[in-house]
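To keep things clear, I will list the structure first and then write my remarks on it.
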Amino acid sequence: MKENVASTVVFILLLFLNTNLLNGQSPPGKPEIFKCRSPEKETFTCWWKPGADGGLPTNYTLTYHKEGETFTHECPDYKTSGPNSCYFNKKHTSIWTIYIITVNATNQMGSSSSDPRYVDVTYIVEPDPPVNLTLELKQPEDRKPYLWIKWFPPTLVDVRSGWLTLQYEIRLKPEKAAEWETHFAGQQTQFKILSLYPGQKYLVQVHCKPDHGFWSEWSPESSIPIPNDFSMTDATVWIFVAVLSAVICLIMVWAVALKGYSMVTCILPPVPGPKIKGFDTHLLEKGKSEELLSALGCQDFPPTSDCEDLLVEFLEVDDSGDQQLVPAHSKEHPGQSVKPTHSDPDSDSGRGSCDSPSLLSEKCDEPRANPSKFHTPEGLEKAEKPETNVTQPQGPQSTSVEGKIPSFHASGSQSSTWPLLQPPSLHYSRSSYHSVAEVRKLGLGTAGAASTLLDKTDTRALKPSQTIETGGEGKAAEHRESESFRSKTDQDAARLLPQDKTPLTSAKPLEYVEIHKVSKDGALALLPKQNENSSRAEKTSTPETSKEYSKVSRVMDSDILVLVQDRRAQNLAPFEEPAKEAPPSLPQNPAAVDLASFPVAPSNCRLQLGGLDYLHPTGFMHPFQ
Amino acid sequence: MDNKGSSQKAGSLLLLLLLVSNLLLCKSVASLPICPSGAVNCQVSLRDLFDRAVILSHYIHNLSSEMFNEFDKRYAQGRGFITKAINSCHTSSLSTPEDKEQAQQVHHEVLLSMILGVLRSWNDPLYHLVTEVRGMQEAPDAILSRAIEIEEQNKRLLEGMEKIVGQVHPGVKENEVYSVWSGLPSLQMADEDTRLFAFYNLLHCLRRDSHKIDSYLKLLKCRIVYDSNC
């Protein structure tokens, strides 16, 4: 029985439910209060979200009761804050009191209630945004221009009585910028912006926060265009000036650092070191006399009957005015005294080194035995630039000439350049110096000038030795050089060479002289070297008997410089104009000073003998000190 | 027992107040030495006193709020404490204004005394709060440090308020009214749930009362110092 009743009831209920379901109607879903907010801590509003309405018109009611009370109230105002809201006005709002609020949804089918929400107005304060945001560009005369932003607190908030204390924050950005620049303004209702980009339109917003509450929404944007003539701040100008001057200082320091060396050398030029080209000092140091002497062209050593003693005396030219030649000692003549000079005993006495710039460039690694070196006065050393020219490869021979010319000219009152050996190599060019002007021209000219010179020299081939007349400088003849002045072509050299050779073959045995001294004007005073003893004895005490070989008659292909006597200049006193004698006449005692062997010039052996050959003293100063 | 304790406390506080009043009376009304004894020329203006009091009350409420949030996040999740923490603050017996209008209608002297009453009501609970939080297992440093700080600052605020009272209406004999707190046994309960609720409730009430004091003081400051034109 009971079971029948129960089952019947269940059946009916299910039927009823089915009917309802078939109709699509159901009690409303559970609503939810999702937000409650107070704009000024005097009123508040709660909003709810309705649940499913169940297909039927649903009625929502909000009920609440307060802490400490038992009485349940209903929402006093459903309208003011919009749909699904309840607005509690001042009368119904108590601070520091918990409200327990519930929303009921009712429809025909039933009702449902939301979960109670516990609300304390104290902690739900969120004001409206500030109002009346104004922007003003101010450009006072004696102060920096700025943007003045002003606003007012939201209308509902009572700040005057101190019921709420607001703090503000503004943000601004140029119209096209991506990010806002935010500034905290504290409790003040105005703000000044100093750093602005001219020519752009700025957008500004402000919002506020109560002392214990939430930030409001941002106010609507206010915009202001900044004019283009909005001046830069003084700081910017000064920073610009400072940066510019720092850059200029850095550039100057850099320029000084780069050019410092050349400036210093301009002011204090380095002392040139005389060098004898073609003389391999290394050989001398090693003491390989045979190689040295063979390089010098001596066939045998110790000298045989025919071979005179190699007058391998190393001369040290002292530019201090002492024209005494210091005969350097070869290994075979250790006893020969070395005339003291001003030079320092150390190797690099300021006369330059193998690596110092000189007209001779000894970049050759081939051993060259050249016991005799002729030092040139230091005044000749202005060869930095010529040096570089000299060291060029064979092709621009003219440039080597050019290189030498300026230095040649630049030589002081000291003796002029020694036209030393003419290299047998066909690759070396020599220049004949006729005058300073010509020399200069040569120096500055191009290859064409060199060829011009060649022509000149050729025409004067038969002239007596010509001297370079530079300010009274006497000099050795180099007329011979004109003969063998090399053009750029080797043919010319080849043509000239046989001429040189023939005299050689027919020449009587060479007489080796000892270089006694170098006169002021660059003339070499040579002593005939009959034998060792005599040469020693006659070193400086018999100037009157010395034959002075101050002219180069020719250069033999074996790198031997054939010197001729300058009969006019018998004294060792400063020379006058050396005689211009017929160059072709062979002197009685041609003195041949075989300078360093001049290897056929590979490019790395840059011996450019433009008639200015300098033996480097430093290499052989070592063994003799 | 409680009555004896409270009466003893009231008596001691009354004595203190008498002393203060005597000191004030001994001086001239024009120059009220608010500064510590010995400094005759020291005089702090009412504005500075109120500014300092407002700063302190603001700070205390911030600390209380943080402490409550920390505790709520850590211990009270899902326990439904809020439903039980209704009408359970011991200071509710002190009738204080519940909204702005009521507060504005209260005379400033009365309001000042109310503030003092609330402040005094919290001396004891704060002291025990610190003790009990220290004794909690895994005593959270965030809560403990704040509790210690609040206790310290509360004392300072009390002193400041008393100075203000001395300046605003000196010589008035004040009724020492404050609420007695009796929640200590709950804090020491063995049952964790009960104990945690006791803490929760205490912190909840502290947060509320500190906000109340802060609001009243700001109202008073604007009213007294700035003539209702903040």
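Computed over heavy atoms, backbone and side chain alike; hydrogens, waters and symmetry mates excluded. In what follows, chains are A, B, ... by sequence order, proteins preceding strands, each numbered from 1.
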> Looking only at heavy atoms, what is the nearest atom pair of A:S161 and B:C222, with distance?
Replying inline: O-CB, 3.4 Å
>> Tell me whether the NZ or CZ atom of B:R207 lies within the 45° cone about the ring axis of A:Y123 and under 6.0 Å from its centre.
In response: yes
>> Using side-chain heavy atoms (C-beta onward) and a distance below 4.5 Å, is B:R208 in contact with A:T122?
In response: no
> Within residues 191-205 of chain B, which positions have a heavy-atom distance to chain A below 4.5 Å?
Replying inline: B:H204
> Most heavy-atom pairs under 4.5 angstrom with chain A, which of B:T83, B:L217, B:N62?
Replying inline: B:T83
>> Are more than 12 heavy atoms, taken from residues, nucleotides or ligands other than A:E179, located less than 6.0 Å from that residue's CD atom?
In response: no
> How far apart are the closest heavy atoms of A:V159 and B:C230, and which atoms are they?
Replying inline: O-CB, 3.5 Å
> If you count the non-hydrogen atoms of other residues, nucleotides and ligands that lie under 6.0 Å from NZ in B:K84, is the total more than 12?
Replying inline: yes
> Does any donor atom in the side chain of B:D214 or A:H212 lie under 3.5 Å from an acceptor atom in the other side chain?
Replying inline: yes
> Taking everything shown except A:R160 itself, do over 12 heavy atoms lie less than 6.0 Å from its CZ?
Replying inline: no
> Is it true that a side-chain atom of A:E67 and a backbone atom of B:N87 form a donor plus acceptor pair closer than 3.5 Å?
Replying inline: yes
> Do you know which of A:D120, A:T165, A:L164, A:D158 has the most heavy-atom pairs under 4.5 Å to chain B?
Replying inline: A:D158
> Is there a side chain to side chain donor-acceptor pair (under 3.5 Å) between B:S215 and A:K41 once you walk through the steps?
Replying inline: CA-CA 11 Å; B:S215 296; A:K41 209 163 83 173; 3.1 Å; yes
> Pick from B:V54, B:L219, B:T96, B:D99: which one has the most heavy-atom pairs with chain A under 4.5 Å?
Replying inline: B:L219
> With a 4.5 angstrom heavy-atom cut-off, which part of B:Q102 approaches chain A: side chain, backbone, both or neither?
Replying inline: neither
>> Can you confirm whether B:Q153 is buried at CD, in the sense that more than 12 heavy atoms of other residues, nucleotides or ligands lie under 6.0 Å from that atom?
In response: yes
>> Tell me if the CD atom of A:E221 is crowded by more than 12 foreign heavy atoms within 6.0 Å.
In response: yes
> Relative to chain A, which of B:H211, B:K218, B:R223 shows the most heavy atom pairs under 4.5 Å?
Replying inline: B:H211
>> With a 6.0 Å cut-off (strictly less than), is the heavy-atom count around CZ of A:F152, excluding the residue itself, greater than 12?
In response: no
> Are more than 12 heavy atoms from other residues, nucleotides or ligands located less than 6.0 Å from atom OH of A:Y78?
Replying inline: yes
>> Can you tell me how far apart CD1 (B:I86) and CD (A:E69) are? Round to the nearest 0.5 Å.
In response: 12.0 Å
> What part of B:Y226 lies closer than 4.5 angstrom to a heavy atom of chain A: side chain, backbone, both or neither?
Replying inline: neither
> Within a strict 4.5 Å, meaning less than it, do heavy atoms of the B:K100 and A:I95 side chains meet?
Replying inline: no
